[in-house]
Trainee: 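Below you'll find the structure I mean.
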There are 4 protein chains.
Amino acid sequence: MTDDPRRPDDTPPRRHAAGEDPQKRGQILAGAWQEFMAKGFDAATMNGICRAAGVSKGTLYVYFRNKEDLFVALVEHRRVQISEQLRAALAVPGGIEARLTAYAAAIIRMLTSAEVLRSQRIVVAMAERMPDLARRFYDAGARQVLNGLGRWLTEAEEAGLLRIPDAERAAHQFVELATAGVWRQYLFGLRSDPPRQGEIDALAADAVRIFMAAHRSPPAG
Amino acid sequence: MTDDPRRPDDTPPRRHAAGEDPQKRGQILAGAWQEFMAKGFDAATMNGICRAAGVSKGTLYVYFRNKEDLFVALVEHRRVQISEQLRAALAVPGGIEARLTAYAAAIIRMLTSAEVLRSQRIVVAMAERMPDLARRFYDAGARQVLNGLGRWLTEAEEAGLLRIPDAERAAHQFVELATAGVWRQYLFGLRSDPPRQGEIDALAADAVRIFMAAHRSPPAG
Amino acid sequence: MTDDPRRPDDTPPRRHAAGEDPQKRGQILAGAWQEFMAKGFDAATMNGICRAAGVSKGTLYVYFRNKEDLFVALVEHRRVQISEQLRAALAVPGGIEARLTAYAAAIIRMLTSAEVLRSQRIVVAMAERMPDLARRFYDAGARQVLNGLGRWLTEAEEAGLLRIPDAERAAHQFVELATAGVWRQYLFGLRSDPPRQGEIDALAADAVRIFMAAHRSPPAG
Amino acid sequence: MTDDPRRPDDTPPRRHAAGEDPQKRGQILAGAWQEFMAKGFDAATMNGICRAAGVSKGTLYVYFRNKEDLFVALVEHRRVQISEQLRAALAVPGGIEARLTAYAAAIIRMLTSAEVLRSQRIVVAMAERMPDLARRFYDAGARQVLNGLGRWLTEAEEAGLLRIPDAERAAHQFVELATAGVWRQYLFGLRSDPPRQGEIDALAADAVRIFMAAHRSPPAG
DNA sequence: AATGAATGAGCATTCATTCAT
DNA sequence: GATGAATGAATGCTCATTCAT
C-alpha cells in the first residue's frame, strides 16, 4: 500500500513508519541477540544493545517498549527461526531406518548448534520469571519434533513395521537416545565446538539401533 | 558450645579467625542459596542475602570477597551436597534389572526435584560467563552417575550378562532413557510438581526394558 | 479557504512564509494550552503538544524556537485573551453601588474559572524562573482591573460620592474584599467547582457594603 | 535508650540507624528546599539536591523513598515551621484595635517573606497533582489564622465591641484587607524585597480602619 | 514548507562495595 | 571481629531537538 510495487527491488523503501522498518528491527534484534546471549537478561544493558545494534537508544525504544518486551520479541523471533529450520531439517525421505537415522542426525546438529544452545540457556534461565515464554519456546522446538516423529511412528506401526504402544513416549525416547548425554554436555558448556560428522553418525546409528531393537515388530506367528 | 569452659582464665576467648567460622559460613551460604535460587545471579542482591542469612554486610564481605566469589562458593557447596545425595541414592542392592530400575527411579527423582532443577537452571544460565563453574557442576552430577553406572555395566558385561561395546555411551543412553523428555520439560518449566510414583515407575521400567533389549547378551552358540 | 481560486494561473499558490500562518499558529497555541495546563511546564512534552495541536514536530519548531519560547508565547496569548474578557466583563452600566456589585461579581467569576486559575497556577509556578513573564501576566489582569476601577473611583470621589485618599489602594482593597479568601482557596485547590450564584451575590454584596462603609463620603457640614 | 543521657550536650550521637539521623535529615531537607524552590518539582533533580545537601545519592534514598516522598516531606516540614512561626507571631496582647493592627502587620510580614512565598508558589504549582498536600498546606496557614482570628472576633462580638454576623467570613476579609493586593504582587514576583516598616504600618492601619468601620457595633439606643 | 524518525544528554533509582564506629 | 551507613557508578528509560526525506 505504501510501497510502489513497480520500483526496482534494490531501491530502499522511501520512509518507514516509526518502529516499522523491518530492516532496522532486524538490526536491533541482532544486537539484542549478541548482548543477551553473551550476558543473560539481567546483565545485558540497553546501552550495550544499542551499541551492538548500531542504533540510538531513542530508536530502540520506538521499536520495543522496554527491555522485557525486547527480550520476549527476540525469543519469539528465534523460536520461529528455529521452528522453520527444524521443519526443513526434518523433511527427509527414505525407508524407515534411513529416515530415523537422518532424523537423529538432524536433531543432534540442531541441538548442538551454538545459536540454539544459547537460546535454550537463556530461556531456561528465565523459565521461572517468564513461564509462558519458556513454554512457547519449548513447544516450538521439542513439541514440533515430537509431534512430527510421533505421527510418523504411528504410521510405521500401522504398516506393521514397529510395535509402539505410546507413540509420544517413544518419540521422546528416540530424541533422547539421539542426543544421549551430548545435549546436556553442550548445555552446561562442557563442549562448544559442533560434533564431527563421524560422531553424529555414530550417535545416530546407535540411537536407531537401540530404538529398533526395542520397538521392532515381532515376527508374526 | 563455642567457648570451652575449661580453658585457663588468662586464655583469650577462642574466637574464629575472620572469615573462618564454619557455622557462620554455612549460614551465609544458606541465605545466598535462598536469594540466588529465587532471583538468579544478577537479580539477587547482597542486601537480600544478608537479610536471608541474618548476617551483616561487613561479615559477608569478610567471608566472601565479592558477589561472584560467593556464588561460586555456593555452587561448589551445592555440587558437593548433590553429589553426596546422589551417591546415597544410587547405592542400591539387587539383581541387574532390579538395580537398573531403582537406579533409573533415583535419577528421575533427583533430576525433577525443585532444588536440583533450580541449581541446574542457574548454572546453565551462567555457563557462558563462568564456564569452569558449569563444568565442575556437571561433573559432580552427571559425571558421577555416568562413572558409577559405567563401572557397573562393565562388570555386568564381564559377567556375560550384557554386551556393551562402549560403557560410557551406554551409561549416557540409560540416563537419557530414564528421564526421556521429562527432564527437558521440567527444565523449561512446563512441569513443576514432582512426578507421581506411578509415572516414575513406568518411566524407569520402560527405560530398563529398552536398555535391556538393546544390550542383552545374545545366547551363546 | 486558504487558496484564492480566482488568482491567475501563473501565480504560484499563496502560501504563508514558514512560521507565518496565523491559523496554524493558533492551532499550535491551542494544543500547547491543553498540554501545559494539564501537566505544567516541565511535565508537558513537545510530542504531547504536537498530538494535541494536530501538527508535526517540524512545524512546531518552525513556529516556535523551543519549548520555553512556545510557553512564553502561550502565556502572552492568554494574557491578551483574559484581558479582553475582563474588559468586556467590567463594562457594566448603572449607579455606583450597582456597578460596584456587578464589578465584584465579574471579578469573582473570572478569578474562580478553571481556565484562569490554571493560567495563574502555572504562571506563579514559573515566576521564579521567568519573572518577566509573570510580571506581564499579572499586569494584564490585576493591573487592568485596578486601573479601570481606580479611574472610576477617582471620578466617584470627584463627584463627591466617595472619599478615597489613595485610589489605587482602594481599588486593591475592593478586589481583595470581593474575592475575600475565596481566590486563595481556589488557587490552592481546596475548591474547584465554580461558586454558585448565591455565593457570588453574597460575597459581592458584602464587599460593596464594607467598601462603602469605609469610603462613603461623610455628610457635608 | 541508645544515647547516654550523661554525655555532654555537644557530643554528637554515636551512631544513628539508617535514615534516622535527624541532623542529616535536616541537611537533606535544606538541600531539597534550595533545589525545589529554585526550579520547581519537575525541574529539580535528585543530583542537584544531593549536591546542595552535601549528601550522596544513596544516603538520600535511605532517608526518602523517592522524589515525591521527599517533596511531600519537605512541604510538610515547612508547613509545621510556618505554622509555629505563625502561632508565635499572632500571640499579641493589647486592646482590640492594637491587637488587630499587630495581627495585620504579622500577617503581612509572614505572607511577604521569601520563604513563605516560595513555599506557596511551589505548592500552588502542584495543587492539581497533589491536592491533599496543597489542602494540608493551606489549612496549616490560612486556616490557622482564620480560626484564631475568628474565635477572637467572636469574643469581641460577645463583649459588644463588634457586630459580626459570620466570624469566618469576617476573618477572611480582614486577612485580605491586610494583604490587600500586596500578596498577589509578591506571589507573581512583581515584588520580592520585603515591604518597609512604613508600608506595613500603613497597610495594617488601613485594614483595621476599614474593618472597624464595617463592623463596629452601633451605639446602643 | 512540512514531516516524523533518529539522536543522545539527562533523569530517577538501585546496589556492590567500603570503612568509620 | 562485627556492623550497617555511606558511596557513586551504572541502569532503564524519556524527551527536546535536529535534519534527511
Side-chain angles (χ1 to χ4, degrees), chain A residues 12-21 24 42-50 54-68 70, chain B residues 13 15-21 24 42-51 55-70, chain C residues 13 15-21 24 42-51 55-68 70, chain D residues 12-21 24 42-50 55-68 70:
Chain A
R14 279 311 155 133
R15 194 83 169 304
H16 281 285
E20 296 284 299
D21 183 342
K24 193 149 277 179
D42 289 299
T45 76
M46 293 304 255
N47 257 330
I49 291 170
C50 292
V55 154
S56 81
K57 234 186 303 193
T59 303
L60 186 63
Y61 276 90
V62 168
Y63 281 76
F64 300 95
R65 220 158 31 90
N66 55 36
K67 194 182 185 183
E68 195 171 311
L70 172 55
Chain B
R15 284 238 228 149
H16 285 283
E20 297 286 302
D21 182 341
K24 193 151 275 184
D42 292 295
T45 74
M46 293 302 257
N47 253 330
I49 291 169
C50 291
R51 211 177 310 119
V55 154
S56 83
K57 232 161 344 166
T59 304
L60 186 63
Y61 275 88
V62 166
Y63 280 77
F64 300 95
R65 218 159 33 88
N66 55 34
K67 196 182 184 183
E68 197 171 307
D69 272 24
L70 172 54
Chain C
R15 285 234 227 151
H16 286 283
E20 296 287 302
D21 182 342
K24 191 150 279 182
D42 291 297
T45 73
M46 293 301 256
N47 253 332
I49 291 170
C50 289
R51 212 177 308 121
V55 153
S56 82
K57 241 182 303 190
T59 303
L60 186 64
Y61 274 89
V62 167
Y63 280 77
F64 301 95
R65 219 159 32 88
N66 54 35
K67 196 183 184 182
E68 196 170 308
L70 171 55
Chain D
R14 279 310 156 136
R15 192 75 169 311
H16 280 286
E20 298 284 299
D21 182 342
K24 192 148 279 183
D42 290 299
T45 74
M46 293 302 257
N47 254 329
I49 291 169
C50 291
V55 154
S56 80
K57 230 170 324 180
T59 303
L60 186 63
Y61 276 90
V62 167
Y63 281 77
F64 301 94
R65 217 158 33 87
N66 54 36
K67 194 182 183 181
E68 195 171 311
L70 172 55

Trainee: Quick one: on DNA chain F, does A:Asn47 or B:Asn47 contact a more 5' nucleotide (nearest heavy atom)?
Mentor: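 Looking at the nearest nucleotide for each, B:Asn47 comes out on the 5' side.
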Trainee: Nearest whole Å is fine: how far is E:dT13 P from D:Ile49 CD1?
Mentor: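 Answer to the nearest Å: 10 Å.
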Trainee: If you look at every heavy atom in A:Thr45 and A:Gly48, which pair is closest and at what distance?
Mentor: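 Answer, listing the atom of A:Thr45 first, then A:Gly48: OG1-N, 2.8 Å.
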Trainee: Establish, with yes or no, whether the OP1 or OP2 oxygen of F:dT7 is under 4.0 angstrom from a side-chain nitrogen or oxygen of D:Thr59.
Mentor: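 Result: yes.
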Trainee: What dot-bracket string describes DNA chain F from 5' to 3', counting Watson-Crick and G-U wobble pairs whose defining distances are under 3.5 Å, with [ ] for crossing pairs and | for pairs to another strand?
Mentor: .||||||||||||||||||||
Trainee: I want to confirm an ordering. Mapping A:Met46 and B:Lys24 to their closest nucleotides on DNA chain F, which one lands closer to the 5' end?
Mentor: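 Closest to the 5' end, via its nearest nucleotide, is B:Lys24.
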Trainee: To the nearest Å, give me how far apart OH (C:Tyr61) and P (E:dG4) are.
Mentor: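 For the pair C:Tyr61 OH and E:dG4 P, the rounded distance is 15 Å.
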Trainee: Mind calculating the distance between CG (B:Leu70) and P (E:dC15) to the nearest angstrom?
Mentor: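 It is 16 Å, rounded to the nearest whole Å.
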Trainee: If you measure from NZ on C:Lys57 to CG on C:Leu60, what distance do you get to the nearest 0.5 Å?
Mentor: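 Rounded to the nearest 0.5 Å, the NZ-CG separation comes out at 9.0 Å.
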Trainee: Can you tell me how far apart CG (A:Asp42) and NZ (A:Lys67) are? Round to the nearest 0.5 Å.
Mentor: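 Output value for this atom pair is 5.5 Å.
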Trainee: Between D:Glu68 and B:Gly58, who's closer to the 5' end of DNA chain E by nearest nucleotide?
Mentor: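 By nearest-heavy-atom nucleotide position, the 5'-most residue is D:Glu68.
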Trainee: How close or far is atom P of F:dT17 from atom CZ of C:Phe64, stated in whole angstroms?
Mentor: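 Going from C:Phe64 (CZ) to F:dT17 (P), I get 14 Å.
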Trainee: Starting from C1' on E:dA16, measure out to CZ on B:Arg65 and report it in whole angstrom.
Mentor: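 Those two atoms, CZ and C1', are 13 Å apart.
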Trainee: Distance criterion of 3.5 Å, no angle test: do you see the side chain of D:Lys57 paired donor-to-acceptor with the base of E:dT13?
Mentor: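 A donor-acceptor contact between them is present.
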Trainee: Compare side-chain N and O positions of A:Ser56 against OP1 and OP2 of E:dA6 and report whether any pair is under 4.0 Å apart.
Mentor: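 It does not, given that no N or O in the side chain of A:Ser56 lies less than 4.0 Å from OP1 or OP2 of E:dA6.
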Trainee: In terms of the nearest nucleotide of DNA chain E, which residue is placed more toward the 5' end: A:Val55 or B:Ala44?
Mentor: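 Looking at the nearest nucleotide for each, A:Val55 comes out on the 5' side.
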Trainee: Apply side chain to side chain contact (heavy atoms under 4.5 Å, CB included) to the pair C:Tyr63 and C:Leu70, showing each step before the final yes or no.
Mentor: CA-CA 8 Å; C:Tyr63 280 77; C:Leu70 171 55; over 6 Å; no
Trainee: B:Leu60 CG to E:dT18 P: how many Å, rounded?
Mentor: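 Rounding to the nearest Å, CG of B:Leu60 and P of E:dT18 are 12 Å apart.
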Trainee: F:dG1 P sits how many Å from B:Tyr63 OH, rounded?
Mentor: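 Those two atoms, OH and P, are 10 Å apart.
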Trainee: In whole Å, what is the span from the CG atom of B:Asp21 to the P atom of F:dA2?
Mentor: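 It is 8 Å, rounded to the nearest whole Å.
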Trainee: Restricting to non-hydrogen atoms, name the atom on D:Asn66 and the atom on D:Met46 that form the minimum distance, rounded to 0.1 Å.
Mentor: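 That would be C-CE, 4.0 Å.
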